[in-house]
There are 2 protein chains.
Amino acid sequence: MDTAPPSPAPPSPTTPGKTEGLRDRKRRETMQRIADTGLKLFMENGFEATTLDAIAAAAGIARRTFFYYFKSKEDVLLAWQGSGFVEAIGPALLQEPADQPPLAAARHCLLTLAARFETKTSIAADALLRSTETLRARKLAKMVDMERDLAQVMAERWPDRATEELRVAAMLAIGALRLAQEEWRHDHAAHPDTARPLAEHLKATFALLDRQVPSAT
Amino acid sequence: MDTAPPSPAPPSPTTPGKTEGLRDRKRRETMQRIADTGLKLFMENGFEATTLDAIAAAAGIARRTFFYYFKSKEDVLLAWQGSGFVEAIGPALLQEPADQPPLAAARHCLLTLAARFETKTSIAADALLRSTETLRARKLAKMVDMERDLAQVMAERWPDRATEELRVAAMLAIGALRLAQEEWRHDHAAHPDTARPLAEHLKATFALLDRQVPSAT
DNA sequence: GCGCGAATTCGCACTGAGTGCGATATCAAA
DNA sequence: TTTGATATCGCACTCAGTGCGAATTCGCGC
């Protein structure tokens with residue numbers, strides 16, 4: 001079906017090196033198939049109305065097997081969240097020149113990776129992600145995870161900076177991303193034709209951020 | 001049991017004005033009792049191990065009645081999140097002088113209200129809130145709600161400012177609160193005696209924020 | 001005081017998510 | 001080819017949450 005999304009993350013074991021054997025590929029394929037059919041059914045009937053049995057049946061596996069690959073129904077949808085963004089942000093940041101402040105580097109990274117959120121599937125998944133309170137919540141939690149990961153990577157790249165400082169920088173970056181994404185979504189909903197790309201909204205949000213901050217009393 | 005937390009928010013109807021009658025008080029009491037016994041049982045046995053039947057029984061109501069007051073088991077715990085903070089932030093901000101920038105005003109408000117997070121119950125509830133993935137997620141979602149409310153109040157107080165700007169300011173304030181709370185929690189876990197109050201951490205985080213921002217390229 | 005309508009309480013049956021357990025099958029490597 | 005790990009599956013069970021409708025209680029106008 002679609003081509004990019006759920007991370008290869010296996011159920012439990014961590015494949016260290018090696019050329020992946022037949023078994024690994026099969027696992028990958030199965031997980032992908034579940035994610036695909038899951039998203040498909042969610043889009044057709046909505047999240048809540050789609051039962052686990054339906055997904056399992058459509059994916060050609062037993063109900064029990066589903067839980068071998070995903071911990072919950074929500075996780076199937078969550079796997080599509082920002083398709084591959086989480087995996088890309090780290091490497092991208094490490095390629096940034098280190099002579100600029102962390103936040104500026106993060107800003108640049110986000111602008112580059114913004115396109116990942118603008119695919120049809122990403123948008124569809126995001127709409128589903130807003131159909132339920134818990135889904136919305138889990139999405140936000142995932143962004144906070146992303147924030148912590150980002151701070152982690154920053155700590156590698158700028159070892160001399162205090163970790164608290166980097167946590168703040170990461171919070172700003174991901175926070176800006178969240179707000180920009182929201183603006184962008186509204187923009188699209190209102191003017192589907194003349195809507196500006198996410199990167200534009202991101203720039204605008206960062207600009208506001210700069211003007212906002214010296215919170216001088 | 002405890003004295004402050006779950007908002008009087010009735011199941012569905014919105015009491016407009018009037019002096020509250022016997023009925024309203026009973027409803028309030030029942031909801032309070034459910035929240036109390038719920039938190040109590042959660043603290044004793046953990047969130048997941050506590051069944052709805054147990055809560056209902058301990059609160060002296062039928063299982064079905066529980067759902068008349070709360071939409072889910074999670075909501076019982078969520079009701080304790082930042083006890084009364086959400087209700088207090090709005091009025092507090094409206095009392096701030098309007099001649100300072102919104103973010104500075106928010107900063108000042110948060111410093112005043114920080115003590116609300118430092119009560120025994122608030123800390124206990126917060127620990128529970130981190131025992132499950134969905135709970136953690138819902139807590140974050142609630143903070144984002146708080147962020148939106150804050151921006152809303154700001155829009156009333158500073159009508160001349162653009163709403164996007166205020167959204168950013170609110171994001172910064174709540175984001176800082178979240179990070180500061182985290183630092184504060186770690187601080188307490190490590191040095192239960194010499195730990196600094198939340199307000200201190202909050203100041204520090206805001207200070208970092210100021211130094212962080214001009215994200216000049 | 002009386003009774004009407006709304007708010008509240010409750011029981012019952014049902015769906016569906018998620019888990020524990022253990023059996024079977026399949027594959028990779030020795 | 002044996003062997004151990006990985007993967008698939010079925011079954012039975014717990015528990016959260018919902019729909020439906022009955023019974024009760026309360027506030028209020030008459």
Side-chain angles (χ1 to χ4, degrees), chain A residues 8-34 38 41-42 45-78 132-135 137-138, chain B residues 8-34 38 41-42 45-78 132-135 137-138:
Chain A
S12 27
T14 325
T15 327
K18 290 297 180 63
T19 51
E20 74 163 12
L22 183 151
R23 212 159 201 168
D24 303 84
R25 194 182 60 243
K26 263 186 103 174
R27 180 175 45 212
R28 235 173 263 267
E29 285 172 357
T30 305
M31 177 173 280
Q32 183 69 51
R33 185 154 31 88
I34 297 175
L41 292 180
F42 292 155
N45 315 323
F47 180 80
E48 307 216 61
T50 304
T51 143
L52 272 182
D53 298 88
I55 301 179
I61 57 171
R63 167 193 170 70
R64 199 63 184 81
T65 304
F66 172 90
F67 290 104
Y68 185 76
Y69 285 93
F70 292 91
K71 278 173 61 188
S72 71
K73 196 172 77 167
E74 291 184 351
D75 285 346
V76 175
L77 192 50
L78 260 305
T132 288
E133 182 54 31
T134 41
L135 282 174
R138 300 264 333 243
Chain B
S12 28
T14 325
T15 328
K18 292 297 180 65
T19 51
E20 72 164 15
L22 183 152
R23 214 160 198 164
D24 302 84
R25 193 182 60 243
K26 263 186 102 174
R27 179 174 46 209
R28 236 172 263 264
E29 285 173 357
T30 305
M31 177 172 280
Q32 184 69 52
R33 184 155 31 87
I34 297 175
L41 293 180
F42 292 155
N45 316 324
F47 180 80
E48 306 216 65
T50 304
T51 137
L52 273 181
D53 297 86
I55 301 178
I61 57 170
R63 167 193 169 70
R64 198 62 185 81
T65 304
F66 172 91
F67 291 104
Y68 184 76
Y69 285 92
F70 290 92
K71 279 173 61 187
S72 70
K73 195 170 77 166
E74 292 185 351
D75 285 347
V76 175
L77 191 49
L78 258 306
T132 289
E133 182 56 31
T134 40
L135 282 174
R138 300 263 333 241

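Just so we're on the same page: letters track the sequence lines, and every chain starts at 1. Since we're looking at a predicted model, the values are computed, not measured.
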Contacts of type side-chain contact (heavy atoms from CB on, under 4.5 Å), residue [X], not counting sequence neighbours:
X: B:T132; answer: B:F47, B:E48, B:T134, B:L135
X: A:T51; answer: A:D53, A:A54
X: A:S72; answer: A:E74, A:D75, A:R138

Would you tell me if any nitrogen or oxygen in the side chain of [X] comes within less than 4.0 Å of OP1 or OP2 on [N]?
X: B:R27; N: C:dT8; result: yes
X: A:Y68; N: D:dA7; result: yes
X: B:Y69; N: C:dT9; result: yes

### Message
Measure NZ/A:K26 against P/C:dA25 and give the value in whole Å, please.
### Response
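Checked: the NZ to P distance equals 15 Å.
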### Query
Could you give the CZ-to-P distance, from A:R25 to C:dT26, as a whole number of Å?
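The distance from CZ of A:R25 to P of C:dT26 comes to 17 Å, rounded to the nearest Å.
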### Message
For a salt bridge (charged side-chain N to carboxylate O under 4.0 Å, His left out) check, start with the C-alpha distance between A:R33 and A:E29, then their side-chain angles and the critical distance, and finish with the verdict.
### Response
CA-CA 6 Å; A:R33 185 154 31 88; A:E29 285 172 357; over 6 Å; no
### Query
For A:F66, what residues pass the ring-ring contact (aromatic ring centres under 6.0 Å, His included) criterion, not counting sequence neighbours?
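Residues passing ring-ring contact (aromatic ring centres under 6.0 Å, His included) with A:F66: A:F70.
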### Message
Strictly under 4.0 angstrom, non-hydrogen atoms only: write out the protein contact profile of nucleotides 14-20 of chain D, one letter per nucleotide from the 5' end, B, S or -.
### Response
--BBBBB
### Message
Among residues at least two apart in sequence or on other chains, which ones pass salt bridge (charged side-chain N to carboxylate O under 4.0 Å, His left out) with A:E133?
### Response
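Scan of A:E133 (salt bridge (charged side-chain N to carboxylate O under 4.0 Å, His left out), adjacent residues dropped) gives A:R136.
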